[in-house]
Amino acid sequence: MGYAVYAAGEYITNLEANKPVIERISQKHRAIGIKSEQYPVVGETLLQAVRDVLGEAATDEIIEAWGKAYGYISDAFISLEKKLYEETEQQAGGWEGYRTAVATAFFNFY
Ligand code: HEM
């Protein structure tokens with residue numbers, strides 16, 4: 001858990017340098033169908049992890065800074081993913097989210 005929190009801090013403080021990484025994560029999120037409204041839940045969990053790892057050292061100021069930084073990076077993800085969802089939807093035969101599909105199998109017995 002400590003490592004995950006540290007890694008998140010690395011991403012947050014180094015947004016520009018991590019652009020290719022952020023693009024790749026967004027592609028992954030797009031493939032899975034992550035929604036913008038899921039970001040606050042993950043943010044709360046991250047803040048709780050920071051509190052758990054830092055213990056007494058987690059002052060209000062530190063938690064607030066993490067909250068702000070998370071807001072910043074999640075905005076970046078959300079807008080990138082919105083763009084990817086729109087692109088996918090506009091492809092020939094594309095759609096957004098889930099779609100009902102019917103699979104037909106044809107068996108030929110000799
Ligand atoms: C700023 C916030 C977030 C960061 C920094 C982040 C980071 C990452 C990273 C690094 C990966 C692995 C990408 C790869 O395989 O190359 C990933 C995958 C994933 N993320 Fe996020 N993520 C964030 C928000 C979210 C949210 C809001 C959800 C929704 C619940 C989510 C769900 C997932 C899932 C399901 C995967 C795939 C896991 C797997 O392959 O087993 N993430 N994310």
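Treat the numbers as computed from the prediction; the structure is a model and nothing was measured. Whatever order the structure lists ligands and atoms in, that order sets their numbers, starting from 1. These values consider heavy atoms only, across backbone and side chains, with no hydrogens, waters or symmetry-generated copies.
Side-chain atoms of Tyr70 come within 3.5 Å of backbone N or O of Tyr39 as a donor-acceptor pair.
Numbered from 1 in the order shown, with element, the atoms of ligand 1 that lie under 4.0 Å from a heavy atom of Ile32 read 34 (C), 35 (C), 36 (C), 37 (C). Ligand-side atoms of ligand 1 in range of Ile73: 1 (C), range being under 4.0 angstrom from any heavy atom. Close approach to Tyr70 involves these atoms of ligand 1, each under 4.0 Å from a residue heavy atom: 1 (C), 2 (C). Close approach to Gln38 involves these atoms of ligand 1, each under 4.0 Å from a residue heavy atom: 27 (C), 29 (C). Applying the 4.0 Å criterion to heavy atoms of Phe77 picks out, from ligand 1, the atoms 1 (C), 4 (C), 5 (C). Ligand-side atoms of ligand 1 in range of Arg24: 14 (C), 16 (O), range being under 4.0 angstrom from any heavy atom.
Taking the side-chain contact (heavy atoms from CB on, under 4.5 Å) definition, one finds that Lys28 meets it with Ile32, sequence neighbours left out. Partners of Leu54 according to the side-chain contact (heavy atoms from CB on, under 4.5 Å) rule, which considers only residues two or more places apart in sequence or in another chain, are Val50, Ala57, Ala58, Ile62.
For the pair His29 and ligand 1, the shortest N or O to N or O distance falls below 3.5 Å. Distances between N or O atoms of Ser74 and those of ligand 1 include no value under 3.5 Å.
If you check the side chains of Gln48 and Arg51, you find a donor sitting under 3.5 Å from an acceptor.
Heavy atoms from other residues, nucleotides or ligands lying under 6.0 Å from CD of Glu37 number more than 12.
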Go through it in stages, so that I can follow the logic: the residues are Tyr85 and Glu89, the test is side chain to side chain contact (heavy atoms under 4.5 Å, CB included), and I'd like the CA-CA distance, side-chain angles, deciding distance and then a yes or no. CA-CA 6 Å; Tyr85 285 128; Glu89 191 178 13; over 6 Å; no
